[in-house]
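Chain A is the first sequence line, chain B the second, and so forth, proteins listed ahead of strands; every chain is numbered from 1. Worth knowing before you read on, the calculation uses all heavy atoms, side chains too, and leaves out hydrogens, waters and symmetry mates.
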Amino acid sequence: RKEVEQDPGPFNVPEGATVAFNCTYSNSASQSFFWYRQDCRKEPKLLMSVYSSGNEDGRFTAQLNRASQYISLLIRDSKLSDSATYLCVAIIYNQGGKLIFGQGTELSVKP
Amino acid sequence: GAVVSQHPSRVICKSGTSVKIECRSLDFQATTMFWYRQFPKKSLMLMATSNEGSKATYEQGVEKDKFLINHASLTLSTLTVTSAHPEDSSFYICSASRVGTPSGNTIYFGEGSWLTVV
């Protein structure tokens with residue numbers, strides 16, 4: 001079983017749609033969680049952190065459920081520019097900041 | 001501007017040759033850096049943890065004699081792909097953790113290096 005698992009993609013949605021990404025993790029040593037965005041042939045860029053209390057940034061909402069070891073990302077009113085691969089990431093700080101990536105979910109927003 | 005710089009961004013080499021990729025933290029010291037590899041349409045896979053002044057820690061299945069990692073200073077880690085073969089063609093990317101930022105620890109990525117072995 002992968003340490004971080006995501007929905008298989010790709011997601012193809014029209015502009016304005018709401019999209020939900022789900023992710024589960026198996027390593028209980030995972031301490032922090034993030035969603036990264038990766039554009040084609042580019043390095044991953046931090047999208048947002050994920051907290052148990054929920055974290056909202058404009059059209060993006062992230063949620064962490066430690067009991068279920070589940071992480072989510074919601075994108076509302078999706079834009080063409082949201083097209084990218086979204087990576088769920090767990091960090092183990094007591095191993096120096098080791099990142100465990102999910103396999104990523106590709107999102108394609110169409111006009 | 002870039003906080004972690006990776007070089008070269010693209011390299012094409014002949015099969016059997018060796019290629020060195022550098023990862024530099026530009027304005028902070030990184031005792032630990034990480035090297036990842038990504039195949040097309042796949043996730044980033046951790047290859048090894050680079051530790052300043054000591055041997056790198058390799059993930060299971062990664063050949064340490066093929067992927068040589070040297071972390072000679074607090075701001076530089078290098079990955080050398082030795083005797084490269086076409087199946088080594090991939091996107092290689094490094095990361096470093098910066099401690100003491102307002103958000104705690106912040107992870108920075110290099111820009112990545114595209115290796116094509118012909």
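- Residues A/K110 and A/S108 have side chains that bring a donor and an acceptor to within less than 3.5 angstrom of each other.
- Contacts of A/K45 with chain B are absent, with no heavy-atom separation under 4.5 Å from either backbone or side chain.
- For the residue pair B/S9 and B/W114, no side-chain donor N or O sits within less than 3.5 Å of a side-chain acceptor on the partner.
- Salt bridge A/R76/A/E56: present, at least one basic N to carboxylate O contact under 4.0 Å.
- Per-residue heavy-atom pair counts under 4.5 Å with chain B were compared for A/P10, A/P44, A/G104, and the maximum is reached by A/P44.
- Taking both residues in full, the closest heavy atoms of B/H71 and B/S50 are given as ND1-OG, 2.7 Å, listed atom of the first, atom of the second, then distance.
- Contact of B/Q6 with chain A is not made at all, since no heavy-atom distance falls under 4.5 Å.
- In this structure, no portion of A/Q6 lies under 4.5 Å from any heavy atom of chain B.
- Ranked by heavy-atom pairs shorter than 4.5 Å toward chain A, the options B/I93, B/L44, B/T57, B/T31 are led by B/L44.
- At a 4.5 Å heavy-atom cutoff, the contact between B/L46 and chain A is made by side-chain atoms alone.
- In this model, a donor atom of one side chain and an acceptor atom of the other lie less than 3.5 Å apart for B/Q38 and A/Q38.
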